[in-house]
Amino acid sequence: MVKNSFISVIPQDEKEKNKGSVEFQVFSFTNKIRRLTSHLELHKKDFLSQRGLRKILGKRQRLLAYLSNKNRVRYKKLISQLDIRELKNR
């Protein structure tokens, strides 16, 4: 497994300015999710990593729901950039 195999969609200068933005947080959670998923493919019985993955998925889901309610255009753009599925409507 290569740790830095995920390519950044956000330019470096924007990273420094907007570390607290919703888009950056979702982007970093997505990288962590992909890294943990590839780890769990090798180590199927690593239950602590599974728990951590579920926690990060929940955080990302809440942030995406917030962004979806606040600004639908930014939400759609972020979903397409990160190539992740949309939230289910409840």
Starting at CD1 of Ile33, measure out to CG of Leu82 and round the result to the nearest 0.5 Å.
10.0 Å
Mind checking side-chain contact (heavy atoms from CB on, under 4.5 Å) for Asn71 and listing every partner two or more places apart, or none if nothing turns up?
Val73, Arg74
Who are the side chain to side chain donor-acceptor pair (under 3.5 Å) partners of Glu86, not counting sequence neighbours?
Lys76
Qualifying residues under side-chain contact (heavy atoms from CB on, under 4.5 Å), relative to Lys77, sequence neighbours excluded:
Gln81
Rounded to the nearest 0.5 Å, what separates atom CD in Gln25 from atom CZ in Arg62?
11.5 Å
Please check if atom CG in Asp83 has more than 12 non-hydrogen atoms from other residues, nucleotides or ligands closer than 6.0 Å.
no
Report yes if some heavy atom in the side chain of His39 is under 4.5 Å from a heavy atom in the side chain of Ser49; otherwise report no.
yes
All pairs passing ring-ring contact (aromatic ring centres under 6.0 Å, His included) where residues 44-69 contributes a residue, at least two apart:
none
By side-chain contact (heavy atoms from CB on, under 4.5 Å), Ser21 pairs with (sequence neighbours left out) Asn18, Glu23, Phe24
Would you compute the distance between atom CZ of Phe29 and atom CZ of Arg34 and round it to the nearest 0.5 angstrom?
14.5 Å
Using a 3.5 Å cut-off and no angle test, enumerate the donor-acceptor pairs between side-chain atoms of residues 53-60 and protein atoms at least two apart in sequence or in another chain.
{"from": "Arg60", "atom 1": "NH1", "to": "Thr30", "atom 2": "OG1", "distance (Å)": "3.2"}

Gap separating the CG atom of Leu42 from the OG1 atom of Thr37, nearest 0.5 angstrom:
11.5 Å
Taking the side chain as everything from C-beta on, heavy atoms only, tell me whether Leu78 gets closer than 4.5 Å to Val22.
no
